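Notes follow the structure.
Numbering starts at 1 and runs along the sequence shown. Worth saying up front: this structure is predicted, and the values here are computed from it rather than measured.
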Amino acid sequence: LGTYSITGCVPKIQCTSPSKDGYAVTETSTVAQHFVVPVSCARGYEGKAVATACSKTGEPYTLSGCKFDTTTCVAPSKTQGYMVTEAELRKSIFDVQVQCAPGFTGAAKVTKCNLHGEAYTLSGCSAVPFCVAPKDVEGYEVTETSLDRDSFNVKVKCAKGYSGSASVTKCSDALKSYSLAGCQRIPVCLSPRSVDGYMVSEHSMEINKFNVQVACAPGYHGTPKATVCGASLQSYSLSGCSKR
């Protein structure tokens with residue numbers, strides 16, 4: 001009689017878990033003969049992740065291929081037209097939110113850099129075709145109905161104390177000021193510092209419509225006279241009255 005033999009079975013090699021810092025791991029099977037451990041680089045790490053089975057029971061399987069990502073983007077020098085919120089500038093976990101700033105429109109987009117120290121890029125926003133009011137509107141009364149360059153509608157007239165033919169011209173480019181022209185200050189006289197000896201009634205101080213009534217005050221006599229000023233914002237003069 002002979003003996004039969006049995007083959008095909010070997011001891012199961014059971015791997016243990018290593019440190020998983022820098023890796024995202026799913027342990028489906030840690031038996032070396034049927035090793036199934038999908039792995040990828042964790043957030044903040046870069047490279048090609050590899051999981052390798054152990055050779056002896058009780059030994060950890062190995063993880064390799066990922067390294068800490070130090071590639072960092074920087075902000076661009078010009079961000080006009082954009083509102084930016086920076087949460088993380090490292091390339092592998094880049095997190096920058098952007099939207100169009102007031103006065104700009106479009107689909108705001110941010111693109112991370114390729115190399116360490118490069119600026120990320122902003123795109124998608126353009127200036128709304130609007131005019132803005134000029135900083136100085138002295139001498140004008142302005143009514144703004146529409147500041148859109150395509151439907152610009154601003155009414156203007158000379159303010160009190162000014163005269164002329166008021167006009168408004170829309171801006172040449174978006175977000176530039178529209179311009180006002182045509183009004184000049186009406187030339188007027190000022191009251192003299194002293195009116196001693198006179199009783200004065202000022203009806204119109206405009207040089208072209210000068211009308212100041214004057215009489216001698218009690219205790220004074222003569223032929224009172226008010227003389228228009230020689231230039232705008234100068235004092236008119238009083239004469240003709242003297243003490244009794």
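P129 approaches A174 most closely through the heavy-atom pair CA-CB, 3.8 Å. Nearest heavy-atom pair across G106 and C100 is O-SG, 3.6 Å. Minimum heavy-atom separation, R43 to I93: CG-CG2, 2.6 Å. Annotation for K12 and V31: closest pair CG-CG1, 3.4 Å, computed over non-hydrogen atoms. Residues A101 and Y82 approach most closely at CB-N, 3.8 Å, considering heavy atoms. Closest non-hydrogen pair, T79 versus L122, comes out as CG2-CD1, 3.9 Å.
Between F104 and Q80, some side-chain heavy-atom pair lies under the 4.5 Å cut-off. With contacts defined as side-chain heavy-atom distances shorter than 4.5 Å, the pair V168/Y178 qualifies. Considering only heavy atoms from C-beta on, S179 stays 4.5 Å or farther from K170 through its side chain. When side chains are defined from C-beta on, V188 counts as touching L233, because their heavy atoms get closer than 4.5 Å. At a threshold of 4.5 Å between non-hydrogen side-chain atoms, the residues V212 and M205 count as touching. Residues V25 and L63 have side chains in contact (heavy-atom distance under 4.5 Å, counting atoms from C-beta outward). At a threshold of 4.5 Å between non-hydrogen side-chain atoms, the residues I13 and F35 do not count as touching. Between C241 and P224 there is a side-chain heavy-atom pair separated by less than 4.5 Å.
In H221, the NE2 atom is crowded: over 12 heavy atoms of neighbouring residues, nucleotides or ligands sit closer than 6.0 Å. Counted within 6.0 Å of CE on M199, heavy atoms from surrounding residues, nucleotides or ligands total more than 12; the atom is thus considered enclosed.
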*Intermediate values then yes/no, side-chain contact (heavy atoms from CB on, under 4.5 Å), Y120 and V96*: CA-CA 9 Å; Y120 59 82; V96 174; 4.2 Å; yes
*Checking side-chain contact (heavy atoms from CB on, under 4.5 Å) for the pair I207/C229: CA distance, chi angles, key distance, verdict?*
CA-CA 7 Å; I207 290 178; C229 57; 3.7 Å; yes
*For R185 and E138, run salt bridge (charged side-chain N to carboxylate O under 4.0 Å, His left out): C-alpha distance rounded to whole Å, both residues' side-chain angles, the deciding distance at 0.1 Å, then the answer.*
CA-CA 10 Å; R185 184 184 292 276; E138 183 180 0; 3.0 Å; yes
_Does E86 form a side-chain contact (heavy atoms from CB on, under 4.5 Å) with F94? I'd like the steps, not just the answer._
CA-CA 9 Å; E86 296 177 345; F94 187 76; over 6 Å; no
*Walk me through it: do K20 and E27 pass the test salt bridge (charged side-chain N to carboxylate O under 4.0 Å, His left out)?*
CA-CA 11 Å; K20 299 182 179 68; E27 294 179 342; 3.6 Å; yes
*For side-chain contact (heavy atoms from CB on, under 4.5 Å), just list the numbers for V50 and V39, CA-CA rounded to whole Å, side-chain angles, deciding distance to a tenth of an Å, and then say yes or no.*
CA-CA 7 Å; V50 177; V39 62; 5.6 Å; no
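Judged by distance alone, with hydrogens and angles left aside, the side-chain atoms of T72 form a donor-acceptor pair with the main-chain N or O of T70 at under 3.5 Å. Side chain of E118 to main chain of K112: no donor-acceptor pair is present (N/O by atom type, distance under 3.5 Å, no hydrogens or angles). Side-chain N or O atoms of K91 include one that pairs as donor or acceptor with a backbone N or O of N114 at under 3.5 Å. A donor-acceptor pair under 3.5 Å is formed between the side chain of R90 and the backbone N or O of D69.
N153 and S146 are not linked by any side-chain donor-acceptor pair at a separation below 3.5 angstrom, with hydrogens and angles left out of the test. Side-chain contact, T30 with Q14: a donor N or O sits under 3.5 Å from an acceptor N or O.
Remark: K155 NZ to T145 OG1 distance equals 7.0 Å, nearest 0.5 Å. The structure places NZ of K109 at 12.5 Å from SG of C125, a figure rounded to the nearest 0.5 Å. The distance from atom CE of M83 to atom CD of Q99, rounded to the nearest 0.5 Å, is 5.0 Å. Here the straight-line distance linking atom SG of C158 with atom CD of E141 works out to 9.0 Å at 0.5 Å rounding. In this structure, OG in S204 is found 11.0 Å from CD in Q213, a value given to the nearest 0.5 Å. Taking CZ of F152 as the start and SG of C171 as the end, the distance is 7.0 Å to the nearest 0.5 Å.
V132 and Y140 are assigned to two separate hydrophobic clusters, defined by single-linkage of ILVMFWY side chains at heavy-atom distances under 4.5 Å. Cluster annotation: F210 and Y198 are assigned to the same hydrophobic cluster (Ile/Leu/Val/Met/Phe/Trp/Tyr, side-chain heavy-atom contacts under 4.5 Å, transitive). A continuous path of hydrophobic side-chain contacts links V137 to L147 [ILVMFWY only; heavy atoms under 4.5 Å]. By the rule that hydrophobic residues join a cluster once side-chain heavy atoms approach within less than 4.5 Å of another member, V128 and V154 end up as members of one cluster. Cluster annotation: V228 and V200 are assigned to the same hydrophobic cluster (Ile/Leu/Val/Met/Phe/Trp/Tyr, side-chain heavy-atom contacts under 4.5 Å, transitive).
By the salt bridge (charged side-chain N to carboxylate O under 4.0 Å, His left out) test, E202 pairs with no residue at all, sequence neighbours left out.
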